[in-house]
There are 4 protein chains.
Amino acid sequence: MKKTEEELATCEKYQRILDAAVEVIAERGYFKSPVSEIAKRAGVADGTVYLYFKSKDDVLRTAIDRTFEKFYKQIADAFVTLAGPREQLEYIALVHLESCTVNRSMAVLMQTEMRQSAKFIAEFSHHHLVKYIQMVREVVRRGQDEGIFRRDVSDGVVAHCMFGAIDELLSSAVFTGRVYDAKSTAAQVMDVLLNGITAGA
Amino acid sequence: MKKTEEELATCEKYQRILDAAVEVIAERGYFKSPVSEIAKRAGVADGTVYLYFKSKDDVLRTAIDRTFEKFYKQIADAFVTLAGPREQLEYIALVHLESCTVNRSMAVLMQTEMRQSAKFIAEFSHHHLVKYIQMVREVVRRGQDEGIFRRDVSDGVVAHCMFGAIDELLSSAVFTGRVYDAKSTAAQVMDVLLNGITAGA
Amino acid sequence: MKKTEEELATCEKYQRILDAAVEVIAERGYFKSPVSEIAKRAGVADGTVYLYFKSKDDVLRTAIDRTFEKFYKQIADAFVTLAGPREQLEYIALVHLESCTVNRSMAVLMQTEMRQSAKFIAEFSHHHLVKYIQMVREVVRRGQDEGIFRRDVSDGVVAHCMFGAIDELLSSAVFTGRVYDAKSTAAQVMDVLLNGITAGA
Amino acid sequence: MKKTEEELATCEKYQRILDAAVEVIAERGYFKSPVSEIAKRAGVADGTVYLYFKSKDDVLRTAIDRTFEKFYKQIADAFVTLAGPREQLEYIALVHLESCTVNRSMAVLMQTEMRQSAKFIAEFSHHHLVKYIQMVREVVRRGQDEGIFRRDVSDGVVAHCMFGAIDELLSSAVFTGRVYDAKSTAAQVMDVLLNGITAGA
DNA sequence: CATGAATGAGAATTCATTCAT
DNA sequence: GATGAATGAATTCTCATTCAT
């Protein structure tokens with residue numbers, strides 16, 4: 001009986017290919033990462049990659065999707081018991097900055113490939129970004145409703161600023177190879193940002 | 001008499017190739033932009049590109065270099081008559097956000113290629129970024145010395161936040177195709193950021 | 001399971017490509033022999049050549065190496081039962097002159113490519129030549145020790161003369177397309193040469 | 001008034017291009033020697049080369065032709081006052097081996113390009129070689145007629161042997177960069193060869 | 001005569017994808 | 001399912017030759 005896509009996805013090889021792809025692409029860049037290299041690192045034959053994925057693009061797409069899913073899952077889980085707008089924003093910042101620690105290869109890949117030339121990636125990764133922005137905007141709006149945050153700043157601008165600021169710090173660390181303390185860095189960024197948007201005394 | 005490199009650079013075709021490259025790469029991405037396509041768009045033969053540039057890489061490198069040069073030139077010129085730290089930061093933000101208006105293709109290219117897989121680009125574009133960050137850090141430090149800005153925030157973190165925030169707003173506009181008012185957007189971002197780092201009452 | 005290089009080398013296609021390359025290069029010369037033409041003659045796709053060889057250079061290098069290996073193997077085998085210096089030199093001359101009969105294309109290639117412009121070929125083929133010269137010198141020296149050959153001639157000069165003389169006869173035949181009797185030609189050359197170096201009565 | 005080809009040939013630039021071509025080709029090999037490089041070394045524009053020569057091939061062809069002409073002229077001049085077959089052969093050997101001293105670049109070019117892949121060169125250079133061989137054969141035949149040389153060896157074989165032996169010594173010196181004494185080397189080769197063909201006591 | 005910018009026809013090589021085993 | 005040899009389209013870059021100035 002034919003396995004469904006769902007079942008394929010749980011196969012061990014599927015995951016191995018995904019992990020190998022992220023590693024190789026982080027090291028060499030998408031266009032310089034032959035499928036043969038990914039297959040080799042995954043310990044499978046070149047053709048096997050095509051049993052689990054439609055194309056090379058599909059491998060990368062899937063890897064990024066999975067990463068974002070985990071990211072949003074982690075946030076959602078925490079929000080259940082983390083109610084305050086400030087605390088929620090601080091938590092997002094922390095998880096965002098920790099992504100580097102969780103899976104360095106993926107962080108590199110995000111910083112180097114996500115915004116890049118492969119238009120297909122840029123376009124689909126934009127979806128994920130939109131979700132991030134919306135998530136933050138909602139928190140910001142709630143903070144404004146509750147009188148915690150200034151009402152004279154656009155929630156959209158704030159959300160983009162927050163994402164951009166953290167993303168840049170992450171990016172800078174990725175490129176320079178510098179290791180940083182996610183907690184303290186998150187604290188500093190959010191200190192500035194929250195101070196900037198806190199409803200005046 | 002053979003033209004010097006300097007003279008070649010002022011040739012009309014040189015500029016046409018550069019412009020065509022930026023356009024094509026902005027549309028299709030660096031790795032999906034064959035030299036033949038760039039040449040066609042510039043209205044020259046494939047081989048002609050190699051009369052003006054050492055390689056495909058060199059075309060992109062040069063285009064980005066020129067853009068940054070103009071950017072820094074504009075800032076430097078303005079700083080002569082623009083002394084206050086707040087005003088200077090606001091000016092940088094404005095010029096940064098206006099880059100989209102000046103040359104949309106170049107803005108797209110910056111957002112898609114600068115951080116990307118071609119390690120060579122990532123590496124050399126990092127130089128330019130470092131210069132931006134340092135420029136902002138110096139202004140921030142001066143603001144701190146003058147008692148205008150909080151002394152308990154790292155000038156480096158502030159600089160990265162500012163670049164990241166603006167870059168992200170720009171990026172978002174570039175991807176969605178949205179047009180925005182640079183002046184007002186700059187004002188909003190800097191309102192939040194400057195408010196965040198202003199020395200407390 | 002991936003084939004080792006050893007295994008690849010025994011593959012039928014490997015040999016077909018090698019043979020096709022020798023043929024095409026003998027006909028058109030190395031630099032005028034596109035890989036595409038070699039592939040076509042071998043009945044494989046262009047890319048297939050690169051599954052078996054690192055580069056176009058590598059194909060030629062390998063073909064010449066194989067030929068010399070066979071040549072030296074044949075000599076070494078015969079020397080086991082062929083002791084006299086005169087007989088040994090005569091045998092080398094014979095095998096050298098017969099190379100044309102064994103594989104005409106390879107003989108042509110040797111005459112046209114071995115000394116040629118591709119510096120890489122000149123350099124590596126020099127190794128093979130050096131081996132030839134040393135082989136002859138040793139025989140000559142032994143003949144001198146045994147009092148068969150004149151002691152007042154340099155073994156090196158004799159060796160180069162012998163190689164040069166035979167190589168030129170071969171070359172001449174190759175270019176004119178003339179067929180000759182290897183045995184009788186070898187006899188004539190060696191008659192002159194051995195007579196010239198025989199220890200006087 | 002249009003200049004004849006003859007007149008063109010006497011122009012100073014004509015000679016400069018010829019010399020530059022020999023130098024560059026000796027250094028880099030025919031196929032790796034762009035016309036632009038030859039033109040640069042000759043101090044003329046690329047296009048100028050085509051005012052004096054039909055094609056790149058034509059430059060090389062002409063350079064080799066001129067060299068052989070000089071070679072045969074020198075031999076012919078000397079033969080007027082040099083009558084004996086032994087002395088004549090010894091003179092040819094000497095001039096042949098001295099070619100390296102006279103114009104090293106040309107000697108290199110001869111050894112690397114003359115027999116090579118460019119079929120056109122192989123074919124036309126063969127003409128020159130044929131002339132060399134015939135010249136020697138005539139001398140040998142006269143020596144046989146005069147009873148100086150053995151009658152039981154083919155004049156053709158002797159001629160090829162002589163050319164081949166000397167050519168190989170030259171070639172070896174060219175490749176290794178070794179400098180040798182033309183006079184003494186010529187003496188050694190001809191000692192062996194003449195001894196080998198001298199009519200027995 | 002001389003120039004050298006422009007051309008465009010190749011040439012070597014890579015690699016995503018397929019398919020017979 | 002799994003394999004990996006084979007394919008051939010696509011790409012970058014070179015350089016002989018031309019021709020407008």
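Being a predicted model, the structure only gives us computed values, none of them experimental. Below, chain A is the first sequence line, B the second, and so on; all start at residue 1. Heavy-atom basis, side chains included; hydrogens, waters and symmetry copies ignored.
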Give the nucleotide from the list [options] with an atom nearest to the side chain of [X].
X: A:Pro34; options: F:dT12, E:dC15, E:dT18; answer: E:dC15
X: C:Ala45; options: F:dG8, F:dC15, F:dA2; answer: F:dG8
X: B:Leu51; options: F:dT17, E:dA5, E:dA12; answer: E:dA5
X: B:Tyr52; options: E:dA6, F:dC13, F:dG8; answer: E:dA6
X: B:Lys13; options: E:dA6, F:dG8, F:dA2; answer: E:dA6

### Message
Quick check on DNA chain E: between B:Gly47 and C:Tyr50, whose nearest nucleotide comes earlier from the 5' end?
### Response
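Looking at the nearest nucleotide for each, B:Gly47 comes out on the 5' side.
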
### Query
Pick the nucleotide of DNA chain E nearest each of B:Thr48 and A:Val35; which residue has the one closer to the 5' end?
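This one resolves to B:Thr48.
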
#### Entry: Touch class at under 4.0 angstrom, heavy-atom based, for B:Val44 against every strand present
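Sugar-phosphate contact only.
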
#### Entry: B:Lys32 charged N/C atom sitting above A:Phe31 aromatic ring, 6.0 Å / 45°
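Here B:Lys32 fails the 6.0 Å and 45° test against A:Phe31.
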
### Message
Quick check: on DNA chain F, is the nucleotide nearest B:Ser33 upstream (toward 5') of the one nearest D:Ser55, or the reverse? Name the residue that is more 5'.
### Response
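Its nucleotide being nearer the 5' end, the pick is B:Ser33.
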
### Task
Specify the residue among A:Gly43 and C:Val49 whose closest nucleotide of DNA chain F lies further upstream toward the 5′ end.
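In this pair, the answer is A:Gly43.
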
### Query
Under a 4.5 Å cut-off applied to non-hydrogen side-chain atoms, are C:Tyr52 and C:Val59 in contact?
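The answer is no, as the side chains (C-beta and beyond) never meet within the 4.5 Å cut-off.
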
